[in-house]
Amino acid sequence: MRHLLSTAELTRQQALAILDTAEDMADVSGREIKKLPTLRGRTVVNLFFEDSTRTRISFEVAAKRLSADVINFSAKGSSLSKGESLKDTAQTLQAMGADGVVIRHPASGAPHTLAHAGWIDAGVVNAGDGTHEHPTQALLDAFTIRRRLHGTASRGRDLDGVSVTIVGDILHSRVARSNIWLLALLGARIRLVAPATLLPVGIGSWPVETGFDLDTAVDEGPDVLMMLRVQGERMHDAFFPGEREYSREWGLTDERLARLPEGTMVMHPGPMNRGLEISAAAADSPASTVLEQVAGGVSVRMSVLYHLLAGEES
Amino acid sequence: MAARILLQATDIQRALTRIAHEIVESNHGSSGLVILGIPTRGVFLAQRIGQVLETIEPGSVEVGSLDVTMYRDDLTRHPTRLSNPTQIPPGGIDGKVVVLVDDVLMSGRTIRAGLDALAAIGRPKAVRLAVLIDRGHRELPIRADYVGKNVPSAATERISVRLQEIDAYEEVTIA
Amino acid sequence: MTLRVAPSDRGAVTRIVGATLPDGSRADLAIADGVFVDAASRADRTIDAAGLIALPGLVDLHTHLREPGFEQAETVLTGTMAAAAGGYTAVFAMANTQPVQDTAGVVEQVQALGRRAGYATVRPIGAVTVGLKGVQLAEIGAMAASRAGVTVFSDDGMCVHDPLLMRRALEYVATFGGVVAQHAQDPRLTEAAQMNEGAVSARLGLAGWPAVAEESIIARDVLLAEHVGARLHVCHVSTAGAVEVIRWAKARGIRVTAEATPHHLLLTEDLAEGYDARFKVNPPLRTSEDVEALRAGLADGTIDIVATDHAPHPTEAKECAWAEAANGMVGLESALSVVHAAVVETGLLDWDDVARVMSRAPARIGGLRGQGGAFAIGAPAHLALYDPAARTTFSAGSLRGRSTNSPYLGRELPGRVLHVFHGGVPTVADGELRPIEEVAR
């Protein structure tokens, strides 16, 4: 694998290889010496055109645990914020000998352009592009689901028959898109719940069922309930009237939490708007996988960097 | 050229039984021993050695696996390798005598990677090496403490180890 | 063809032998002193036109020449060179320059630049509103009365969105015998839009530009035009729904004309898949159903003309992430070949239809006299000779303007423009542009 730009492009075999290697990486994170020499001498650049401390740190930890050298380019106060173009930045990275570039960018497709324009030789990891995809988030979500279901016997297993309900701003969510392609690839059944204004036009061909009503979806007792972050600004573009109505209709309230079956996982890609799309109690309940998602994130990102940078195709 | 059989199934089992006894003898008993097989086939050999040790001194045996993929020095010369599980017994390896088990010893680089992997996990009292076949052509100063069979070979020859746990039949051949 | 006589000798007679006219008949033509003359006259030079189609010089009602203000992308000189290479003898230059073409002074300047360059007749289009801001009417009367003789008014790039202002514009422009050409795009429905709204945009995570944002403006505008009894021209129609609205309007007797670009007749939204911004354009590439409807509309006359919307951009405006890229494609050099591939090879239009939609009708809509005609003796000699049998792979080398943002690079296209005469002056000969010194006035 040269690049990881989207989960839509992954084969089942590639997805399972990444998840299985992540299991071994998770073991490393449990030891006293949390380091492997595997990417020693490689340079990984974090190219973050959008602020995101959590994701950037996750990638930084992952790269350092593999003994890679890490360089951080972030938006504020750098040449990026002064309008240096993607092409010029890329050529600087090439001259510096970057082996891998982790890029987060506000424009959908920017990682694809970076990977295919012929400006750099490095492997490219998409850490989130506009509203398009966030493949490592989907991979760590799948990793987390697998671990909750099968524990240490997760290796080699897919998500056949697992029911996943994704709730919220699907239209603007790169996390939702990446999750949909990956979950479908691994055999899960996917349902989307949102107001019609937040469901994209043209998803007739997507491998999902859709509905407007969260209570109906909750009563179906899904194995996984994935809540997406909703941005308050959306009410100014008339996607919904306001936070109170959104929370009442599509929020994971204490009352809905109580009606969920015992084993249902409550997931959230973070950062959470406690009280808006998810109640504080739901966020802190044992059903919530939020902390496992963060821990899994480092293991999954170690696995991704390994698969992109360690072998001969790199 | 036709393959020549070096070891049949019974020869393999006999060799492993002898190795197990040698381990117990040089360790003055089986306490403090941790047998770690290097995937893939080293793991099955380690398990079998463990079974023999269990008959000699029941209840004392700790067997596991040590994956060395991430410590290899030749990763960039091959397509991306998939890693395998590392299972260290609950007692850990600190202060223990670790016996690494592999099927074939040649350049010694796999074992070198294994030593680095062990160093990241803990501090054994000693590390020993048991291999089914030692075929020479060392590139590093590594030697096996327990050997099933010494097989002088040309570098171009190929030695295949087949074990029933994973292959259809048991034998070791050279071609 | 050999130029045995100095090109500046305009009295020399050029005979064109064995050309195929748009109606399919074979004929000889002759040019001297800038007009068509009797083909039986003695010739100083001869062009063997066997197998070539003789078209009236093409007329583009929608070109962006970028001068004044954006000369790094194109100038009047380079833009008209590109036009000539594509078989065009006249271009209407859109008003979104800097300063905007909203005064007599600027339009006269642009027209003068075109005259001096000599490659094609340049008719500047006047802005509808000052600065294209959509607030206050521009000095339409002054521009109409100027040496530039403006007849077409457009805020293209921007939509005249305010319904009251559009009503006033339709009425006021009619006062001077002109026509408003509307860029139909409801700005509220297309804020930050990147590509056609549909299955592809949903998957690619690019904000959608819904078809209804074009159709609702056209529907409103044809009703306004009907109410005030004015003419309306619709720029770059791109959706099947828009074609139906226009068909309905014409059936009611509303005096609306419409154009479609070559790229909307050939290309679809799937090309956005690789995020290659060469395919980013406004209005966006749509679905194959829309392409089919536009072709059928062109064939049945609902869509009156083909207009290129030639929109040059410098490389850095296209070699970047899609959302940061500029909208637009260059199209003058490739237009005839693309129309050939899209509607002639598919049997929907014949060459007489092509002469109509790419020369006769645009000249009529723009009020451009002396172009688009049928090679009558004494008429100005605006002519393009096209070899329909050639096939070439379109490349950067096929471009003659200053910018290279063409969606056809690497694509095989039919046909080749071999000779072009602009007022009797050869601008293209044997497939090559004639040099500036020869053509300039």
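Throughout, a chain's letter reflects where its sequence line sits, starting with A, and its residues are numbered from 1.
- Options B:Thr86, B:Ile88, B:Asn84 differ in how many heavy-atom pairs under 4.5 Å they form with chain A, and the most are formed by B:Asn84.
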Problem - Candidate pair B:Thr76 and A:Arg42, rule side-chain contact (heavy atoms from CB on, under 4.5 Å), full reasoning - result: CA-CA 11 Å; B:Thr76 53; A:Arg42 302 304 180 94; 2.6 Å; yes
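- By the neighbour-count criterion of 12 heavy atoms within 6.0 Å, atom NE2 of A:His116 is densely surrounded, having more than that number from other residues, nucleotides or ligands.
- Using a 4.5 Å cut-off on side-chain heavy atoms (C-beta onward), B:Arg81 and A:Thr21 make no contact.
- A heavy-atom distance below 4.5 Å is found between the side chains of A:His307 and B:Leu82.
- Exactly one residue among A:Thr38, A:Leu309, A:Leu39 makes a side chain to side chain contact (heavy atoms under 4.5 Å, CB included) with B:Leu75. That residue is A:Thr38.
- More than 12 heavy atoms of other shown residues, nucleotides or ligands fall within 6.0 angstrom of atom CD in B:Glu139.
- Residues A:Arg155 and B:Pro85 form a side-chain contact, since some pair of their non-hydrogen atoms from C-beta on lies under 4.5 Å apart.
- For A:Arg40, the CZ atom is loosely surrounded, since the number of other residues' heavy atoms within 6.0 Å does not exceed 12.
- Between the OG atom of B:Ser83 and the CE atom of A:Met25 there is a distance of 6.0 Å, given to the nearest 0.5 Å.
- The local environment of CD1 in B:Ile166 is crowded, with over 12 non-hydrogen atoms from other residues, nucleotides or ligands closer than 6.0 Å.
- Around CZ of A:Arg31, the count of heavy atoms belonging to other residues, nucleotides or ligands within 6.0 Å exceeds 12.
- Nearest heavy-atom pair across B:Thr80 and A:Gly311 is OG1-CA, 3.8 Å.
- Formation of a donor-acceptor pair under 3.5 Å by the A:Tyr306 side chain with backbone atoms of B:Met70 is not found in this model.
- Of the inter-residue distances, the one linking B:Asp94 atom CG with A:Glu32 atom CD reads 8.0 Å to the nearest 0.5 angstrom.
- In this structure, B:Lys125 places its NZ atom where only 12 or fewer heavy-atom neighbours from other residues, nucleotides or ligands lie under 6.0 Å away.
- Counted within 6.0 Å of CD on A:Gln91, heavy atoms from surrounding residues, nucleotides or ligands total more than 12; the atom is thus considered enclosed.
- In this structure, no portion of A:Lys34 lies under 4.5 Å from any heavy atom of chain B.
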